[in-house]
Amino acid sequence: MTFRKKVLKVVSKIPKGSTMTYAQVAAKAGNKKAARAVGSIVSANYDPAIPCHRVVRSDGGMGGYNRGVKKKMALLRAEGVDVERYKIQTRI
DNA sequence: CATTTGACGCCAA
DNA sequence: TTTGGCGCCAAAT
């Protein structure tokens with residue numbers, strides 16, 4: 001099982017209406033410091049079975065999305081995630 | 001095999 | 001709070 005496969009699997013396990021940071025995904029995949037690599041991996045993934053739009057940055061930012069950051073934000077909001085101005089509103 | 005690039009993260013100023 | 005700099009890892013060239 002390669003790190004790439006682990007990452008894709010972890011991302012595919014993210015529950016609807018919830019989000020995970022790249023660092024969290026990296027940690028769950030085995031490499032806590034591979035947050036950057038996670039972004040590189042999912043950026044090359046165009047499989048709709050992988051909800052990579054549920055992966056956000058540690059600071060609550062959108063990070064990026066191969067179909068447009070705006071689309072990512074829309075998907076998250078549609079799933080019940082409180083996101084405004086391209087930022088995840090966790091506290092308050 | 002060596003370098004560069006990129007959907008990141010943390011720390012210091 | 002916002003920038004800039006450094007570290008870290010995987011894939012592409």
Side-chain angles (χ1 to χ4, degrees):
Chain A
M1 183 65 83
T2 63
F3 182 73
R4 174 170 55 72
K5 282 279 193 173
K6 290 182 187 175
V7 170
L8 295 175
K9 186 165 283 192
V10 171
V11 173
S12 65
K13 288 173 188 284
I14 301 177
K16 174 171 172 272
S18 191
T19 58
M20 254 184 135
T21 68
Y22 293 95
Q24 282 286 77
V25 175
K28 200 148 191 179
N31 281 319
K32 183 163 61 176
K33 308 181 213 165
R36 203 168 193 175
V38 172
S40 296
I41 293 165
V42 297
S43 66
N45 175 76
Y46 285 80
D47 190 328
I50 311 296
C52 40
H53 63 272
R54 292 180 192 156
V55 185
V56 296
R57 295 174 37 156
S58 294
D59 61 312
M62 292 294 101
Y65 195 54
N66 46 28
R67 288 175 179 79
V69 184
K70 198 136 184 210
K71 187 74 175 178
K72 180 172 183 175
M73 180 175 68
L75 287 167
L76 291 174
R77 291 184 67 183
E79 294 184 353
V81 180
D82 187 12
V83 49
E84 291 181 22
R85 294 188 322 201
Y86 303 94
K87 290 272 194 176
I88 305 295
Q89 313 296 358
T90 47
R91 48 190 106 151
I92 211 163

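Below, read A as the first sequence line, B as the second, and so on, with proteins coming before strands; counting in each chain starts at 1. If you're wondering where the values come from, they're calculated on a predicted model, not measured in any experiment.
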Could you check if a side-chain atom of A:Ile88 sits within less than 4.5 angstrom of a side-chain atom of A:Leu76, using non-hydrogen atoms only?
yes
Would you kindly give the OH-to-C1' distance between A:Tyr65 and B:dG6, to the nearest whole Å?
18 Å
Which part of the nucleic acid does A:Tyr22 contact within heavy-atom distance under 4.0 Å: base, sugar-phosphate only, or nothing?
base
Here the distance between atom P of B:dC8 and atom CD1 of A:Ile41, to the nearest Å, is 13 Å
With a 3.5 Å distance limit and no angle check, can you tell me whether A:Lys72 reaches the backbone of A:Met62 through a side-chain donor-acceptor pair?
yes
Round to the nearest Å and state the distance from A:Asp59 atom CG to B:dC10 atom P.
9 Å
Closest of B:dG6, B:dG9, B:dA7 to the A:Arg36 side chain is B:dG6
Please report the distance, rounded to the nearest Å, between CG in A:Leu76 and P in B:dA7.
18 Å
Both distances under 3.5 Å, Watson-Crick or G-U wobble: report the partner of C:dT1, or none.
none
Please round to the nearest 0.5 Å and tell me the distance separating atom OG of A:Ser40 and atom CG of A:Asn45.
13.0 Å
Which part of the nucleic acid, if any, lies within reach of A:Ala37 when heavy atoms closer than 4.0 Å are counted: base, sugar-phosphate only, or nothing?
base
Within a strict 4.5 Å, meaning less than it, do heavy atoms of the A:Ser12 and A:Ile50 side chains meet?
yes
Can you pull the contact range of chain A along DNA chain C, 5' to 3', using atoms under 4.0 angstrom from its heavy atoms?
C:dG7 to C:dA11
Nearest-Å distance for atom pair CD1/P, residues A:Ile50 and B:dA7
19 Å
So what's B:dT5 paired with, Watson-Crick or G-U wobble, going by both distances under 3.5 Å?
C:dA10
Can you see if the side chain of A:Ser58 gets near the phosphate of B:dG9 - specifically, an N or O under 4.0 Å from OP1 or OP2?
yes
Is there side-chain contact between A:Arg36 and A:Tyr22, with heavy atoms separated by less than 4.5 Å?
no
Pairwise side-chain contact, A:Arg54 with A:Leu75, heavy-atom cut-off 4.5 Å (strictly under)
no
Tell me whether the count of non-hydrogen atoms from other residues, nucleotides or ligands lying under 6.0 Å of CZ in A:Arg77 goes above 12.
no
